[in-house]
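Position 1 is the first residue of the sequence, and the numbers go up from there. Whatever order the structure lists ligands and atoms in, that order sets their numbers, starting from 1.
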Amino acid sequence: MLDVIRSDIRQLTAYQVPDARGLIKLDAMENPYSLPAALRAEWLAALEHTELNRYPDPQARTLCEVLRQTMAIPEHCGLLLGNGSDELIQILALAVTGANQRLLAFEPGFVMYRLIAQLTGLEYIGVTLTADAFALDLDRALEAITRQHPALTFIAYPNNPTGNLFDPQGIEKIIEAAAPGLVVVDEAYAPFANASFMPYLETAPNLLILRTVSKMGLAGLRLGYLVGAAECIDELNKVRLPYNINVLTQHSATFALRHQAIFNQQTEQICSERQRLIAAFNAIAHIHCYPSAANFLLLRLSNAPAVFDHLKQQGILVKNLHGSHPLLNNCLRITVGTPEDNTALINVLFQC
Ligand SMILES: *Cc1c(COP(=O)(O)O)cnc(C)c1O
């Protein structure tokens, strides 16, 4: 009976998430802090009258209003919510797919762009970043865009797994060159970056901004949002399945965003721990730590797989990138944790 499953799907392996039970979890860019106890009680009270027997608001109107108020979304722009930003990437791909349609992204980068291109039948074009600093190679990017006319171009800003912000002028040139193709600036790490392309929406009609609440502290809710020209968002909305944002997510995210100050405090704490980790890694001779505008750090070591195994034996889970891309040989990606988690990590790495 498997014969009816597409052969390209049978050749894939499912997205792997390692078992982190019992480990200090520094592998998935989660915020290590949960809600303070008092706020947790308020949140549960806010959920108390949720009607689980009813479908959620199909337009999630209250949540959209709060997002618009808290996330500096330009008033004239359209807003589309997804079950995680991954779902929005899938919606974008489904909306443009067809014969000879292409999706372009930068490598090493976020693996979901390639995977979703494959699943939706888009031809995938990976443009390699510079080897030394993981910067945009603008000549290479513009050449690929003018030759291949991608329907969709993804730019993660900051980039995952490298952590850096690309040169904004380079991104502007890419947006111009790709028109009328859509360019999605994926700002999953915006809370830690102090940089955003949101203001460019005023002038670039083919630009879309993709965000998520996952990395700021609400990964369990699965909520992403896409901002762009209202006409374009209206078309993408036709691809979205009804009720894709469940009622618990709608109510919980609305509650959380009304208490945004807590998340801002946690973000500041994470950013100051990021600086402490950078200083500590710079003092370890066998580690090269790359600059980061995100809540994680990319490290290059002399033997990353052995260090990964050793960390795991010591109860710390990080992401081993060795083997995932030629430019990431001997690299590990480490999510910034609580001060205690980070100290435990530094202590193990000092002894390696
Ligand atoms: C984590 C991440 C996402 C996915 O976010 P979800 O909203 O949790 O699906 C999207 N883009 C980038 C670059 C990421 O690192």
Kindly say whether the aromatic ring centers of H251 and F255 come within a distance under 6.0 Å.
no

Return the residue, atom name and 0.1 Å-rounded distance of the protein heavy atom closest to atom 13 (C) of ligand 1.
D186 OD2, 3.4 Å

Salt bridge (Lys or Arg N to Asp or Glu O under 4.0 Å) between R61 and E65, intermediate numbers included
CA-CA 6 Å; R61 282 162 297 192; E65 266 169 45; over 6 Å; no

Measure centre to centre between the rings of F166 and Y157, then say whether the value is under 6.0 Å.
no

Would you say the side-chain atoms of R211 pair up with the backbone N or O of A190, donor to acceptor, closer than 3.5 Å?
no

Is there a heavy atom of K215 sitting under 4.0 angstrom from any atom of ligand 1?
yes

So the atoms of ligand 1 within less than 4.0 Å of a heavy atom of G84 turn out to be 7 (O), 9 (O)

What do you reckon, does T212 have a nitrogen or oxygen under 3.5 Å from a nitrogen or oxygen of ligand 1?
yes

Only one of L297, D27, V318 clears side-chain contact (heavy atoms from CB on, under 4.5 Å) with L332; which?
V318

In ligand 1, which numbered atoms sit nearer than 4.0 Å to a non-hydrogen atom of A188?
2 (C), 11 (N), 12 (C), 14 (C)

Which atoms from ligand 1 have a heavy atom of Y189 less than 4.0 Å away?
1 (C), 14 (C), 15 (O)

Evaluate the criterion ring-ring contact (aromatic ring centres under 6.0 Å, His included) for residue pair H288 and Y290; output intermediate values, then yes/no.
CA-CA 7 Å; H288 178 77; Y290 288 88; 4.5 Å; yes

Of all the atoms in ligand 1, which lie at a distance below 4.0 Å from a heavy atom belonging to S214?
6 (P), 7 (O), 8 (O)

For N160, take its heavy atoms, then give the atoms of ligand 1 lying under 4.0 Å from any of them.
14 (C), 15 (O)

Can you tell me which portion of E87 lies within the under-4.0 Å heavy-atom range of ligand 1? Options are side chain, backbone, both, or neither.
neither

Just going by heavy-atom distances, which of R211, R222, Q90 is nearest to atom 9 (O) of ligand 1?
R222

Part of D86 with heavy atoms under 4.0 Å of ligand 1, whether side chain, backbone, both or neither
both

I'd like to know if E87 pairs up with R240 as an ion pair, taking the criterion as any Lys NZ or Arg NE/NH1/NH2 lying under 4.0 Å from an Asp or Glu carboxylate oxygen.
no

Tell me, which protein residue and heavy-atom name are nearest atom 5 (O) of ligand 1, and how many Å apart are they?
S85 OG, 3.0 Å

Parallel, tilted or perpendicular: which one describes the rings of F110 and Y113, with boundaries at 30° and 60°?
perpendicular

